[in-house]
Amino acid sequence: MLTREDCLALDEADPFAAHRDLFDLPAGVIYLDGNSLGALPHAVKTAVARCVEDQWGGDLIKSWNSAGWIDLPSRVGGLIAPLIGADRGEVIACDSTSVNLFKLAAAALKMRPGRKVIVTEAGNFPSDLYVLQGLAQMLGDVNLRVVTAEELPAALSDDVALLLLTQSHYKTGHVHDMVGLTARTHAVGALTLWDLSHSTGAMPVDLRGAKADLAVGCGYKFLNGGPGAPAYLYVAKRHHAEFRSPLTGWMGHADPFAFHDDYEGGAGVKQALSGTPSVIGMVALEAALGVFDRVDLVALKAKADRLGDLFLDLVAERCSGMGFDVACPSTGRGSQVSLTHESAYAIMQALIERGVIGDFRAPDIVRFGMTPLYVGFVDVWNAVAVLAGVMEKGEWREPRFQVRGAVM
């Protein structure tokens with residue numbers, strides 16, 4: 001087992017050590033929740049201040065042209081594209097993940113006329129399931145086939161229009177075989193829609209290599225764009241000619257400032273735009289993406305795996321017999337680890353009070369994000385030491401840790 005001194009030595013040799021200095025991390029806090037809300041990059045504060053004070057405050061509406069606000073969705077999409085194995089013209093930043101899921105799922109049904117089945121995974125992120133349920137209710141003749149991960153290949157039959165999956169599961173971190181499941185989906189003539197919210201910025205993603213059709217993701221987790229940051233969507237270039245967004249807003253028009261009464265969609269993925277982009281949010285996300293400049297995502301994921309393995313090994317050594325079970329795979333997981341405990345919520349609140357910030361997922365999961373750009377090996381060692389102390393002293397049993405907040 002590694003000692004704390006070993007972990008300090010690993011941090012000294014870490015090729016990503018300098019990236020930690022790009023973030024505004026509070027003193028005395030071990031932040032293991034970047035898979036829910038990424039930490040604040042220093043560059044974001046500067047960019048947002050300039051946007052608010054100089055552009056909005058000084059140049060006012062002129063900034064749509066002078067500061068290039070109107071091009072932000074395409075510019076930000078272009079920065080995300082290499083992180084997901086896509087071309088710049090295949091990705092655009094806009095709206096929220098849920099709205100983008102609706103747009104792409106509805107478009108996929110139109111692209112596969114006569115097919116009325118959407119396959120997804122039981123226990124998928126709830127918003128993904130809720131969007132599909134709402135779409136099916138609205139259209140009336142769409143059937144959702146919700147199956148376990150093991151049942152997915154068998155559920156793909158010739159009546160399926162779309163397979164919608166989250167690549168890295170939000171609770172367990174299990175990573176689906178994108179290449180294999182996409183190939184199986186194409187074999188029955190259906191399309192794939194991948195939710196990359198827990199993948200992008202944390203692990204290599206190769207949509208092009210997997211021959212994926214459609215994808216979405218959020219900007220506020222591993223991309224560090226801030227709370228409520230704009231999301232993004234991907235449409236493979238080979239589908240641009242037939243892709244039609246169901247939300248035909250003015251920003252998706254071929255010539256939005258001509259103000260024609262009738263809609264004519266813009267070229268390619270541009271027509272996925274609907275309303276006016278959230279400029280301040282886009283500016284923040286654009287600045288945040290700078291931390292990935294020249295980052296080797298394969299090496300980044302290798303570090304995340306080592307951090308996660310260390311965490312699980314230390315828990316096995318220091319928290320044995322304390323009621324924890326491992327809820328994540330030993331291999332093939334995203335950049336997080338998960339444990340179950342019957343008092344998971346209270347334990348997490350006690351950890352947070354002690355400066356170790358992870359999160360809770362109902363009904364019984366404590367989840368820890370291994371964001372390798374700013375989490376180090378000694379952070380993991382210290383976090384497990386705090387966890388063991390909380391459990392040994394029974395701190396989590398205190399009444400104040402049983403009170404549940406609105407956000408958990």
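Along the sequence shown, residues are numbered consecutively beginning with 1.
Judged by distance alone, the side chain of Q336 and the main-chain N or O of K171 form a donor-acceptor pair under 3.5 Å. When atom types are taken as modelled, the side chain of S96 and the backbone of V99 share a donor-acceptor pair closer than 3.5 angstrom. Judged by distance alone, with hydrogens and angles left aside, the side-chain atoms of K301 form no donor-acceptor pair with the main-chain N or O of P204 at under 3.5 Å. No donor-acceptor pair under 3.5 Å is formed between the side chain of H174 and the backbone N or O of P329. No donor-acceptor distance shorter than 3.5 angstrom exists from the side chain of R367 to the backbone of F360, with no hydrogens or angles considered. One N or O on the side chain of R184 and one on the backbone of P153 form a donor-acceptor pair closer than 3.5 Å. A donor-acceptor pair is defined here as one N or O able to donate and one able to accept, closer than 3.5 Å; no such pair exists between the side chain of R404 and the backbone of F401. S199 places no side-chain N or O within 3.5 Å of a backbone atom of Q167 that could act as its donor or acceptor partner. Checking side-chain atoms of R145 against main-chain N and O of A155 turns up a donor-acceptor pair under 3.5 Å. Here the side chain of D379 pairs a donor or acceptor atom with the backbone of G376 at under 3.5 angstrom.
Taking 4.5 Å as the limit, some side-chain heavy atom of L310 sits within range of a side-chain heavy atom of C7. Counting heavy atoms from C-beta on, the side chains of R244 and K110 never come closer than 4.5 Å. Within the 4.5 Å cutoff, the side chain of F311 has no heavy atoms near those of the V375 side chain. When side chains are defined from C-beta on, H19 counts as touching V295, because their heavy atoms get closer than 4.5 Å. A heavy-atom distance below 4.5 Å is not found between the side chains of E12 and F377.
Salt-bridge annotation for D95 and K103: present, with a side-chain N of the basic residue lying under 4.0 Å from a carboxylate O of the acidic one. Look at R208 and E90 and you find no salt bridge, because none of the NZ, NE, NH1 or NH2 atoms lies under 4.0 Å from a carboxylate O. Here R333 pairs with D309 in a salt bridge; the nearest charged N to carboxylate O distance falls below 4.0 Å.
A cation-pi arrangement is absent between R361 and Y170 under the rule of less than 6.0 angstrom and at most 45 degrees off the ring axis.
Aromatic pair W396/Y345: centroids not less than 6.0 angstrom apart.
In this structure, Q137 places its CD atom where only 12 or fewer heavy-atom neighbours from other residues, nucleotides or ligands lie under 6.0 Å away. Environment of CH2 in W56: sparse, with no more than 12 heavy atoms of neighbouring residues, nucleotides or ligands closer than 6.0 Å. Counting heavy atoms of neighbouring residues, nucleotides and ligands inside a 6.0 Å radius, atom CG of L60 exceeds 12 of them. Residue-environment remark: CD (E342) stays at or below the threshold of 12 foreign heavy atoms within 6.0 Å. Atom CZ of R306 is surrounded by 12 or fewer heavy atoms from other residues, nucleotides or ligands within 6.0 Å.
The minimum heavy-atom distance between I280 and C51, with the atom names listed, is CG1-SG, 4.2 Å.
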Return a table of donor-acceptor pairs under 3.5 angstrom between the side chains of residues 258-271 and protein atoms on other chains or two or more places apart.
unit_1	atom_1	unit_2	atom_2	d
Y263	OH	G252	O	3.0
Q271	OE1	S245	N	3.0
Q271	NE2	F243	O	3.2

